Trainee: 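Below is one structure. I have some questions about it.
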Amino acid sequence: MKIGIQLYSLREFAKEKGAEAALRLVSETGYDGIEFAGFYDKTPAEMKELVEKYKLTPVSAHMGAGEVEANLPYIEALGIRYVFIASISTEDFADPKRYEEVLKQTAKAKALLDARGIVFGYHNHAHEFAGGNDYMKKFIADADIKAETDVFWLHVGGKAPVSYMRSLGDRLAAVHIKEAPAGDPLASAQPIVGEGVVDMKGVFSQAKEQGVEWAILEVEQYPCGEEEYLKRSLQNMRKLAE
């Protein structure tokens, strides 16, 4: 299994030191690839040059369905393999008219990506499961797309990550690896992967069983410096992925 990082994790680092410094850090700490959350105001050619310079696989990107067409030059130039909708609001899921519009936009984006052999999917947070709902499964079924499960947000949403991943079957395309602390997970920094309360051993085992090629680290709040976090978490993830 290959291990990448969602570049949203380095948003503050990149803001302070620049996009190239962020990519250099990812490369030097040993990650295989990157998942984009925007393209740092670089042109497709400029971003491709940086990715190739640091020998990183541009595996995926987060963007809204309505943003896919405008971002095709990046998707094509970089050879991005997966595109995931980062989030859809509860209101959009719950209101029939709004949901119908979401499905229309998603279908249009999916047709563009299907024609290029690119996998389209949805990345969960916790709100999809509030009130006993499962908008995640409903949406990926209605839109006929894949899933990128975020195990932190599954935990926050009251779902057991391993069993939820298993329940998705071949809809599972990628996994966001994000650790959760004991206590209130929204009020504390995320521990080093493997040192929190998420069953990471089970998560990696289940991902391998389902043929998931990429595990993608995401961090929202660091308990230490970025470089230390990336290195220590990668060491643990390599062992978990064996």
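Every value quoted in this text rests on a predicted model; they were computed, and no experiment measured them.
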Trainee: Can you establish whether the number of heavy atoms outside E227 located under 6.0 Å from its atom CD is more than 12?
Mentor: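 Counting neighbours around CD of E227, 12 or fewer heavy atoms of other residues, nucleotides or ligands fall under 6.0 Å, so no.
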Trainee: Under 3.5 Å, side chain of S233 to main-chain N/O of I192, donor-acceptor pair present?
Mentor: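 Such a contact is absent between S233 side chain and I192 backbone.
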Trainee: Could you walk me through whether E209 and R166 pass the salt bridge (charged side-chain N to carboxylate O under 4.0 Å, His left out) check?
Mentor: CA-CA 9 Å; E209 183 177 320; R166 185 183 302 116; 5.2 Å; no
Trainee: Test your reading of the model: is there a side-chain donor-acceptor pair from N133 to the backbone of Y135, 3.5 Å cut-off?
Mentor: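 Pair absent, no side-chain N/O of N133 close to backbone of Y135.
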Trainee: Between the side chains of D142 and K137, is the shortest nitrogen-to-carboxylate-oxygen separation below 4.0 Å, so that they form an ion pair?
Mentor: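 No, K137 and D142 are not salt-bridged.
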Trainee: For the backbone of D150 and the side chain of N124, can you confirm whether one donor and one acceptor N or O come within less than 3.5 Å of each other?
Mentor: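 Yes, the answer is positive, given that a donor and an acceptor are paired below the 3.5 Å cut-off.
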Trainee: Sort out for me which residue in W153, F93, F152 forms a ring-ring contact (aromatic ring centres under 6.0 Å, His included) with H125.
Mentor: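 One option only clears the test, and that one is W153.
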Trainee: Compute the ring centroids of F129 and Y164, then answer whether they are less than 6.0 Å apart.
Mentor: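 Distance test on ring centres: under 6.0 Å, yes.
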Trainee: Using modelled atom types and a 3.5 Å cut-off, is there a donor and acceptor pairing between side-chain atoms of Q210 and backbone atoms of V212?
Mentor: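 Checked: no pair found.
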Trainee: Could you work out, with side chain to side chain contact (heavy atoms under 4.5 Å, CB included) as the rule, every residue matching R98, not counting sequence neighbours?
Mentor: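 Residues passing side chain to side chain contact (heavy atoms under 4.5 Å, CB included) with R98: S89, E91, D92, D95.
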Trainee: Apply side-chain hydrogen bond (donor to acceptor under 3.5 Å, both in side chains) to Q105 and E101, showing your working.
Mentor: CA-CA 6 Å; Q105 278 199 338; E101 184 57 35; 4.6 Å; no
Trainee: What I want to find out is whether E228 reaches R232 closely enough, with some N-O distance under 4.0 Å, to be called a salt bridge.
Mentor: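 So E228 pairs with R232 through a salt bridge.
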Trainee: Under the salt bridge (Lys or Arg N to Asp or Glu O under 4.0 Å) definition, can you give me all pairs with a residue in residues 26-42, not counting sequence neighbours?
Mentor: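 Applying salt bridge (Lys or Arg N to Asp or Glu O under 4.0 Å) to every pair that reaches into residues 26-42, excluding sequence neighbours, yields D32-R238.
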Trainee: Under 3.5 Å, is there a donor-acceptor pair between the side chain of R116 and the main chain of E76?
Mentor: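 No, R116 side chain to E76 backbone: no donor-acceptor pair under 3.5 Å.
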Trainee: Is there any ring pair (Phe, Tyr, Trp, His ring centres under 6.0 Å) pair reaching into residues 183-225, and which pairs are they, with sequence neighbours excluded?
Mentor: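 Output for this query lists Y222-Y229.
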Trainee: Is the distance between the ring centroids of H62 and H176 under 6.0 Å?
Mentor: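 Judged by ring-centre distance (under 6.0 Å), H62 and H176 do meet the cut-off.
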Trainee: Ignoring hydrogens and angles, tell me if any N or O in the side chain of K146 forms a donor-acceptor pair with the backbone of F84 under 3.5 Å.
Mentor: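 Side chain of K146 to backbone of F84: no pair is present.
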Trainee: Under a single-linkage definition using a 4.5 Å side-chain heavy-atom cutoff for Ile, Leu, Val, Met, Phe, Trp and Tyr, are I3 and Y8 assigned to the same hydrophobic cluster?
Mentor: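 No: no chain of side-chain contacts under 4.5 Å links I3 to Y8.
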Trainee: Between K108 and E69, is there a salt bridge with N-O shorter than 4.0 Å?
Mentor: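 Result for this pair is yes, salt bridge flagged.
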Trainee: Checking the side chain of T57 only, and the main-chain atoms of G33 only, is there a donor and an acceptor separated by less than 3.5 Å?
Mentor: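 The answer is no, because no donor-acceptor pair under 3.5 Å joins these two groups.
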Trainee: Looking at K201, Q235, K208, which hits side-chain contact (heavy atoms from CB on, under 4.5 Å) with L240?
Mentor: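 Output: one option passes, namely K201.
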Trainee: Hey, does the side chain of T29 reach the backbone of V26 with a donor-acceptor pair shorter than 3.5 angstrom?
Mentor: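 Pair found, side chain donor or acceptor close to backbone of V26.
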Trainee: Within the distance-only criterion (no hydrogens, no angle test), does the side chain of E100 pair as donor or acceptor with the backbone N or O of K97 below 3.5 angstrom?
Mentor: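 Not a single qualifying donor-acceptor pair exists.
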Trainee: I'd like to know if the side chain of Q190 and the backbone of E220 have a donor-acceptor N/O pair within less than 3.5 Å.
Mentor: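 The answer is yes, because a donor-acceptor pair under 3.5 Å joins these two groups.
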Trainee: Might you point out which heavy atoms bring V68 and M63 nearest each other, and give the distance in Å?
Mentor: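 V68 and M63 have their closest heavy atoms at CA-SD, 3.8 Å.
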